[in-house]
Amino acid sequence: MSYHHQQIEKKWQTYWLENKTFKTNTFSEKEKFYALDMFPYPSGAGLHVGHPEGYTATDIISRMKRMQGYEVLHPMGWDAFGLPAEQYAIDTGNSPAAFTDKNINIFKRQIQALGFSYDWDREVNTTDPNYYKWTQWIFIKMYEHGLAYMDEVPVNWCPALGTVLANEEVIDGKSERGGHPVIRKPMKQWMLRITAYADRLLEDLEELDWPESLKDMQRNWIGKSEGAEVSFEIESLNEAFTVFTTRPDTLFGATYAVLAPEHPLVKKIVTDKQKDDVEKYIHEIETKSDLERTELSKEKTGVFTGAYAINPVNGEKMPIWIADYVLMSYGSGAIMAVPAHDERDYEFATKFELPIVEVVAGGDITKGAYSGEGEHINSGFLNGLGKDEAIMKMIAWLEEHGKGTKKITYRLRDWLFARQRYWGEPIPIIHWEDGTMTTVPEEELPLELPSMNNIQPSGTGESPLANAEEWVNVINTETGMKGRRETNTMPQWAGSCWYFLRYIDPENSKQLAAPDALQQWLPVDLYIGGAEHAVLHLLYARFWHKFLYDIGVVPTKEPFTKLFNQGMILGEGNEKMSKSKGNVVNPDDVIESHGADTLRLYEMFMGPLDASVAWSENGLDGSRRFLDRVWRLTIEDDGQLSRKIIEENDGTLDKTYHETVKKVTEDFENLHFNTAISQMMVFVNECNKAEYIPKKYVEGFIKMLSPIAPHIAEEIWLKLGHSETITYEPWPVYDEEKLIENEVEIVLQVMGKVRAKVNVSKDVSKEELEKIALENEKIKDLITDKTIRKVVVVPGKLVNIVAN
RNA sequence: GCGGGUGUGGCGGAAUUGGCAGACGCGCUAGACUUAGGAUCUAGUGUCUUCGGACGUGGGGGUUCAACUCCCUUCACCCGCACCA
């Protein structure tokens with residue numbers, strides 16, 4: 001007899017919803033635990049089997065913590081702004097809001113069918129004006145603190161589509177949709193000054209319980225590097241530029257300088273003779289995307305400007321070139337080239353026959369650049385010094401002579417925070433006809449998206465909102481001044497930067513959340529999601545959180561104490577699941593055929609949570625069989641509790657049970673669900689062998705199973721004679737004494753190889769163990785004609801005899 | 001190129017401080033029950049074997065009484081970044 005998952009699962013899902021079983025008390029006396037999932041973008045494709053993996057993990061922890069007496073906050077919501085809805089609206093003329101609502105309903109139904117213990121009263125939706133009111137409010141605060149500003153930056157402009165594209169929408173220099181060419185074009189854009197937080201974002205990583213690989217990715221992304229800024233004057237022109245270098249000690253070897261093609265100085269310094277070449281080169285670069293620029297970078301390109309810079313340390317003339325291997329976006333967009341000690345400069349110098357001067361001994365500059373350690377040569381006052389010493393001395397010299405200064409640079413760039421989209425949070429700014437701009441007054445928030453019949457690109461590079469004239473044009477009622485609303489909207493990342501705060505106090509209309517509630521619940525204790533958000537979402541969210549901390553809104557410096565990335569679930573052929581490969585597994589089908597409990601169990605049993613493992617239909621069947629075994633162990637065919645389950649305890653299962661409690665509890669805590677499940681399987685196997693099972697142990701076991709397979713657990717709990725949900729039953733505890741066996745098996749080794757095993761009392765002394773080993777028949781045979789050199793005894797474990 | 005990680009049966013994976021390699025599951029083999037079996041139960045299942053044993057955690061070397069675990073070296077694969085000065 002197998003159990004009827006469809007009936008049981010529906011029954012308990014309804015029970016939980018109707019009884020609000022998982023409702024969180026915001027101000028509870030209990031200790032808090034905040035378990036957070038990365039909320040999904042509700043795509044039209046519906047839930048993927050990858051989604052429930054992370055969700056099940058946090059659900060298991062949440063359910064265990066409730067049973068351990070914690071007040072648990074475990075919410076879910078929707079990251080619902082996004083491109084597909086906009087594209088759908090453009091294609092069909094329908095409203096993105098209605099489309100989004102429909103998808104949310106599908107997602108919600110699917111997620112509820114998996115039996116997660118969310119408090120649905122705290123559901124948030126980033127597209128809800130009551131939610132994005134506060135996203136806009138945070139933007140205004142950032143603007144007021146000088147962290148939001150407008151700047152001319154190069155963007156991916158697609159002339160054919162009449163719109164700007166995000167980097168991820170550009171593939172090989174062409175638009176993802178339609179394959180139209182994309183070029184780099186400077187446009188005035190909203191930026192967020194995340195670089196102001198670079199140092200803190202880097203330093204505070206130390207205290208976080210995050211995977212080291214992920215922290216490293218953030219460190220690399222921030223890319224702190226220490227060096228010096230050196231100023232170069234331009235020969236016979238009253239101009240100068242600065243470069244950033246990590247090797248100021250090699251300044252004597254700087255034989256030329258390179259500016260990025262977009263560098264503002266280029267136009268001023270170019271000589272008439274070189275003008276045509278330079279302009280031609282700049283034009284070529286402009287029409288390349290970033291991707292093309294790096295892809296075609298195997299061969300260095302560049303053009304001489306005709307101008308010369310003066311090396312501040314030795315007065316030598318250095319030709320100034322422009323080349324696209326120097327990026328305007330890093331440092332000052334200009335470099336001093338030291339071809340002898342920098343590979344890129346070496347390559348460039350070789351190609352264009354520029355002089356190479358060795359200033360650090362140790363390499364062979366006829367063969368290539370040498371970037372290792374060595375004594376300085378040809379370097380005036382640095383001669384004979386090592387690298388670190390020379391760097392210090394050069395910086396001191398530069399500062400003394402006003403030619404430069406110590407400088408720290410970051411790879412991190414400010415965050416381009418505007419999209420030419422309709423379906424995003426409107427940026428609450430008004431541009432007035434006198435050239436000033438103001439924020440929308442806070443009492444007018446939320447600044448809602450106008451409903452538009454026909455969402456189409458404006459064609460000018462502005463968002464479709466530019467077409468909504470009534471919305472765009474505003475008049476100051478007091479002064480009569482005319483203004484225009486900002487038509488750019490925020491990128492999709494915005495809403496997800498703070499959603500975990502709103503869950504804490506989702507209905508608040510006066511604040512994004514009440515301070516005492518935030519005090520009660522922050523930080524998030526466990527955050528699980530995919531590794532694809534390792535840098536952007538997690539860095540942006542940390543940035544906003546730090547800002548909110550600075551203005552006193554949140555009480556913690558960091559939002560997420562512990563973070564974990566679940567792995568991917570691959571198709572049966574070990575490939576990524578995708579529609580085109582036809583190997584996508586739909587959770588709805590699995591829930592129908594095997595049940596939600598089976599799906600949850602299987603996904604947790606597949607392997608370690610962070611591993612990427614291929615889906616296996618056989619494995620899924622196996623998980624179902626385990627649940628069937630549990631059912632048969634506890635429930636008779638007639639639906640009554642098994643006759644094997646009795647009140648008395650004859651002690652047979654003591655050790656296995658207590659071991660199981662210990663291992664499952666510890667494994668759950670460490671997110672080692674696969675091994676916890678295997679221990680539960682061991683326990684069930686032992687129970688099947690036993691004649692009787694104490695009821696207490698069955699109850700304890702069902703409690704431990706309930707976080708993974710809550711529906712079947714609730715049903716069996718009911719059959720065990722309880723009338724309330726298992727959700728708040730106390731978590732089982734183990735008795736350390738029951739784990740100790742009086743008899744232990746000792747391994748007898750000769751030369752490190754197992755030759756025999758004996759059972760002895762656990763407190764046999766070292767000496768006695770040695771004696772037992774040497775008197776063992778089998779061992780005796782093996783050592784009779786040998787000399788015993790040494791006997792190693794590990795009490796309770798083994799005896800190893802070294803003899804030859 | 002730089003950074004991080006992973007290599008264990010036919011497959012997914014276990015293995016506290018170095019202390020019985022292969023737990024648990026899948027698959028497979030044989031048997032039982034059965035009209036039937038993609039159900040259930042029982043036994044077996046790393047490789048080789050002269051049935052004594054020998055070999056075995058990507059390869060090679062080392063430390064140790066003892067190494068999947070520590071050290072050196074090498075190979076393969078995965079992920080991230082990629083002209084970052």
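Only a predicted model underlies this, so the values are computations on that prediction, with no experimental measurement involved. All chains are named by letter (A, B, ...) in the order of the sequence lines, taking the proteins before the strands, and each is independently numbered beginning at 1.
- Distance noted for atom P between B/C26 and B/G19: 29 Å (whole Å).
- Residue A/N565 contributes atom CG, which lies 12 Å from atom P of B/G80 at whole-angstrom precision.
- Listed candidates were B/C83, B/A21, B/G27. Nearest to the side chain of A/V754 is B/A21.
- Distance noted for atom P between B/G5 and B/G9: 23 Å (whole Å).
- Applying the 90° criterion around 0 to the glycosidic angle, B/G46 comes out anti.
- B/U6 and B/G58 are spaced 11 Å apart, taking the C1' atom of each and rounding to whole Å.
- Among the atoms of the strands shown, only primed sugar atoms or phosphate atoms (P, OP1, OP2) are found under 4.0 Å from some heavy atom of A/S225.
- Distance CG (A/D621) to P (B/C28): 12 Å, rounded to an integer number of Å.
- Here B/G5 presents its P atom at 18 Å from CH2 of A/W210, a figure rounded to the nearest Å.
- Rounded to whole Å, the separation between the P atoms of B/U69 and B/U63 comes to 15 Å.
- Under a 4.0 Å N-O distance rule, the pair A/K387/A/D249 does not qualify as a salt bridge.
- A/V682 comes within 4.0 angstrom of sugar-phosphate atoms only, judged by non-hydrogen atoms across all strands, and of no base.
- Among the heavy atoms of the strands lying under 4.0 Å from A/Q749 is at least one base atom, whether or not backbone atoms are also near.
- Salt bridge A/R219/A/D216: present, at least one basic N to carboxylate O contact under 4.0 Å.
- Taking atom NE2 of residue A/H594 and atom P of nucleotide B/G25, one finds them 17 Å apart after rounding to whole Å.
- Proximity of A/R247 to the phosphate of B/A85: no side-chain N or O atom is located under 4.0 Å from OP1 or OP2.
- When the nucleotides B/A85, B/A66, B/C24 are ranked by their closest atom to the side chain of A/M681, B/C24 comes out on top.
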Could you write nucleotides 7-17 of chain B as a row of B, S and -, 5' to 3', where a protein heavy atom under 4.0 Å of any base atom gives B, of only sugar-phosphate atoms gives S, and otherwise -? -----BSS--B
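- Base orientation at B/G52 is syn, since its O4'-C1' glycosidic dihedral falls within 90° of 0.
- For the C1' atoms, the distance from B/U74 to B/C65 is 29 Å, rounded to whole Å.
- Using the Watson-Crick or G-U wobble rule with both distances under 3.5 Å, B/G38 pairs with nothing in any strand shown.
- The listed nucleotides are B/G25, B/A85, B/C81; the one nearest the side chain of A/R629 is B/G25.
- The phosphate of B/G3 has neither OP1 nor OP2 within less than 4.0 Å of any side-chain N or O from A/S213.
- In this model, the phosphate group of B/G3 is not approached by any side-chain N or O of A/N220 to a distance below 4.0 Å at OP1 or OP2.
- Comment: A/K351 does not engage A/E347 in a salt bridge, judged by the lack of any side-chain N to carboxylate O separation of less than 4.0 angstrom.
- Using Watson-Crick or G-U wobble geometry with both donor-acceptor distances under 3.5 Å, B/A66 finds no partner in any strand shown.
- Looking at heavy-atom distances under 4.0 Å, A/T245 makes contact with sugar-phosphate atoms alone, never a base.
- Within 4.0 Å of A/R219, counting heavy atoms only, lies no atom of the nucleic acid at all.
- Contact check on A/K689 versus A/E686 returns a salt bridge, with a Lys/Arg side-chain nitrogen under 4.0 Å from an Asp/Glu carboxylate oxygen.
- Checked against the 6.0 Å centroid criterion, the rings of A/W210 and A/F564 do not qualify as a close aromatic pair.
- Across all strands, A/G622 comes closer than 4.0 Å only to sugar-phosphate atoms, never to a base (heavy-atom distances).
- When heavy atoms are screened at a 4.0 angstrom cut-off, A/N685 is found touching the sugar-phosphate backbone but no base atom.
- Electrostatic pairing of A/K771 and A/E767 does not count as a salt bridge here, judged by no charged N lying under 4.0 Å from a carboxylate O.
- Atom CG of A/L627 and atom P of B/U40 are 13 Å apart (whole Å).
- Side-chain rings of A/Y657 and A/Y734 stay apart, their centers remaining 6.0 Å or farther from each other.
- For A/V747, taking side-chain heavy atoms from C-beta onward, the closest of the listed nucleotides B/A85, B/G25, B/C20 is B/C20.
- A salt bridge between A/R624 and A/D628 is present, with a side-chain N of the basic residue lying under 4.0 Å from a carboxylate O of the acidic one.
- When each of A/N688 and A/I801 is assigned the nucleotide of RNA chain B with its nearest heavy atom, A/N688 is the one assigned upstream, toward the 5' end.
- With rounding to whole Å, A/E686 atom CD is found 14 Å from B/A23 atom P.
- Listed nucleotides B/G25, B/C65, B/G19 differ in distance to A/K790; the shortest reach to its side chain belongs to B/C65.
- Spacing between atom NZ of A/K387 and atom P of B/A85 amounts to 11 Å, rounded to whole angstrom units.
- Rounded to the nearest Å, the gap between the P atom of B/C70 and that of B/U16 is 11 Å.
- When both pairing distances are held under 3.5 Å, B/C55 makes a Watson-Crick or G-U pair with B/G46.
- For the P atoms, the distance linking B/A43 with B/G38 amounts to 22 Å, nearest Å.
- With respect to the salt-bridge test (charged N to carboxylate O, under 4.0 angstrom), the residues A/R247 and A/D388 do not qualify.
- Side-chain N/O atoms of A/R755 include none lying less than 4.0 angstrom from OP1 or OP2 on B/G52.
- Remark: the separation of the P atoms in B/U8 and B/C2 is 26 Å, to the nearest Å.
- Residue A/R632 places at least one side-chain N or O closer than 4.0 Å to OP1 or OP2 of B/C41.
- Distance, A/R789 CZ to B/C65 P: 13 Å, rounded to whole Å.
- The six-membered or imidazole ring of A/F683 lies near that of A/F701, with a centre-to-centre distance under 6.0 Å.
- Pair assignment for B/G22 gives none, since no Watson-Crick or G-U wobble pairing has each distance under 3.5 Å.
- For the 3.5 Å distance criterion, the side chains of A/T660 and A/Q679 qualify, holding a donor opposite an acceptor.
- On a pure distance criterion of 3.5 Å, a polar donor-acceptor pair joins the side chain of A/N800 and the base of B/C65.
- When both distances must be under 3.5 Å, the Watson-Crick or G-U wobble mate of B/G80 is B/C2.
- A sub-4.0 Å separation between OP1 or OP2 of B/A85 and a side-chain N or O of A/R411 is absent.
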